[in-house]
Number of protein chains: 2
Amino acid sequence: MASERKKDIVEAATKSFTFFGYKATTMDQIAKLANVGKGTIYTFFKNKDELFEDICITLIQEMKRAAEAVIDPAQSFHENVHRALFEMLAFRTKHQLAVKLFQEEKEMGTPAVTQALKKMEDAIVAYIAVQAKEAMDRNEIQQTDPQIAAFVMMKLYVTLVVDWERRGPALSKEEIAKLFELYVFKGLSR
Amino acid sequence: MASERKKDIVEAATKSFTFFGYKATTMDQIAKLANVGKGTIYTFFKNKDELFEDICITLIQEMKRAAEAVIDPAQSFHENVHRALFEMLAFRTKHQLAVKLFQEEKEMGTPAVTQALKKMEDAIVAYIAVQAKEAMDRNEIQQTDPQIAAFVMMKLYVTLVVDWERRGPALSKEEIAKLFELYVFKGLSR
DNA sequence: TTTTTGACCAAAATAACATTTTAGTCAATT
DNA sequence: AATTGACTAAAATGTTATTTTGGTCAAAAA
């Protein structure tokens, strides 16, 4: 089993990316944190970017797994969106990496980070789109472009969770869930 | 009537800000474009930033006027939002200044521009919030936080008009109106 | 042999310094 | 009283020197 070291490296790198961001994390730092010679990192990963991408892919997978753990195909799309939403709100407080990357993207615009976030966005939107399409085929929700529906949901999530904080007091999980339901499912019409 | 010159200056500055953005526009350039000595600008405006703010305030006022020209208090909130939305989509193609500032903000992060856009956002959200509040009081739409409702509408507008272009083909005015109605008023539920 | 290592190197980032550009002033001009 | 453009200090930009960092590889360790 050669990859106890690989695990150490990935763990150290994840910690460092989470605390300092992509740019401020050096390969020497990762090596030191992992108690490994720098060269060892390069036996597992071609370069810094590939190591970073590997970690991002893991993050996406974990998000997916977390969502799938609460989604019940027997339940309605509406109910599952609610469950997944709460799961993501909980996930967020645990996995600070995405939060840190979001921040680095906005205030430094590091290319590798921009690219990584784009991929995450793609994965999330694609995932929601599939669920939405299925719900439409089951005639559970209105017929509309599933890609756009997924994109709008993701953006609304960011709007309520991240953007709103700059205008008013941060919203509680319950408030976010209520508002998400209002705008995505019910609409303002009476 | 001393202010034929002031008008020239404001016109020249508006043109330059629109074509080159805030940072790439110099006071010398504005003076030359307006056929005016540079000092003259400073008899009307304390500094570059104040001149810029003045122009931004005018833009906000024009947007407000354009919206109010199509809004009919006798009509429903729903109908008025539809009208205002179309007016804004038309307005956008005319007044390229906001578009240019949006771009400069995203790719350069010029502080003065960030601040100006924040003010525009505030003005727009405040305006929509008042309309939404009135509609709620008339029991025309669901009771909810009008500030958040306004914020969500503005963000949805940006999502559909600007952000979506990076994922799929730009949406037509009609498509945008349909989607806006779907998510704000009707909701996905059947 | 295979895996690990850290001194080593080229390239990139940063700092230090020189040069140019620009916002804003004001004495002279109209 | 209004206008101007040469002028200045400060900011931006360009240039060069210095340091940092990603990535390599011959040697050491396993």
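The chains referred to below are lettered A, B, ... by the order of the sequence lines, with proteins before strands, and numbering in each begins at 1. Keep in mind that what you see is a predicted model, and the values were worked out from it rather than measured.
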In this structure, which one of B/I57, B/T14, B/L101 forms a side chain to side chain contact (heavy atoms under 4.5 Å, CB included) with B/F52?
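That would be B/L101; it is the only one of B/I57, B/T14, B/L101 passing the side chain to side chain contact (heavy atoms under 4.5 Å, CB included) with B/F52.
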Using the rule side chain to side chain contact (heavy atoms under 4.5 Å, CB included), only one of A/E134, A/M136, A/Q131 pairs with A/P146; which is it?
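For A/P146, the side chain to side chain contact (heavy atoms under 4.5 Å, CB included) test succeeds with only one of A/E134, A/M136, A/Q131, which is A/M136.
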Nucleotide [N], atom [atom2] - distance to [atom1] of [X] in whole Å:
| X | N | atom1 | atom2 | answer |
| --- | --- | --- | --- | --- |
| B/M27 | D/dT4 | CE | P | 14 Å |
| A/L51 | D/dT21 | CG | P | 16 Å |
| B/N47 | D/dA11 | CG | P | 14 Å |
| A/K32 | C/dA7 | NZ | P | 10 Å |
| A/E50 | D/dG23 | CD | P | 10 Å |
| A/I30 | C/dT4 | CD1 | C1' | 17 Å |
| A/D49 | D/dT21 | CG | C1' | 15 Å |
| A/I41 | C/dT5 | CD1 | P | 10 Å |

Looking at every non-hydrogen atom in both residues, tell me the closest pair between A/K48 and A/K23 and how far apart they are.
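Closest approach of A/K48 to A/K23, heavy atoms only: NZ-O, 3.8 Å.
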Distance-minimising heavy-atom pair for B/A34 and B/D8
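Minimum heavy-atom contact is CB-O, 3.7 Å.
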Between A/R83 and A/E79, does at least one N-O distance fall below 4.0 Å, as a salt bridge requires?
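A salt bridge is present here (some side-chain N lies under 4.0 Å from a carboxylate O).
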Between A/D28 and A/K32, is there a salt bridge with N-O shorter than 4.0 Å?
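No salt bridge links A/K32 with A/D28.
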Whether each nucleotide of nucleotides 25-30 of chain D has a protein heavy atom under 4.0 Å at its base (B), only at its sugar-phosphate (S) or at neither (-) is summarised, 5' to 3', as B-----
Which nucleotide in the set [options] lies at the smallest distance from any side-chain heavy atom of [X]?
| X | options | result |
| --- | --- | --- |
| A/D28 | C/dG24, C/dT22, D/dG22 | D/dG22 |
| B/T43 | C/dG24, C/dT4, D/dT3 | D/dT3 |
| A/K38 | C/dA7, D/dT4, C/dT4 | C/dA7 |

For DNA chain D, determine which residues of residues 13-24 of chain B have any heavy atom closer than 4.0 angstrom to one of its atoms, and list them numerically.
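Contacts with DNA chain D under 4.0 Å: B/K23.
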Does B/F20 have B/K100 sitting over its ring (NZ/CZ under 6.0 Å from centre, angle to axis within 45°)?
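No - B/K100 does not lie over the ring of B/F20 by the 6.0 Å and 45° rule.
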Side-chain N or O of B/R5 closer than 4.0 Å to phosphate OP1/OP2 of D/dT3
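So the side chain of B/R5 is within the cut-off, an N or O lying under 4.0 Å from OP1 or OP2 of D/dT3.
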Contact check, side chains of A/Y157 and A/I124, non-hydrogen atoms, under 4.5 Å:
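They are not in contact (no side-chain heavy atoms under 4.5 Å apart), so the answer is no.
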Check whether any side-chain heavy atom of B/R92 sits under 4.5 Å from a side-chain heavy atom of B/V162, and report yes or no.
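Result yes, sub-4.5 Å side-chain heavy-atom pair found.
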Just checking B/K48: base, sugar-phosphate only, or nothing, at a heavy-atom cut-off of under 4.0 Å?
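If one applies the 4.0 Å heavy-atom cut-off, B/K48 turns out to touch the sugar-phosphate alone, with no base involved.
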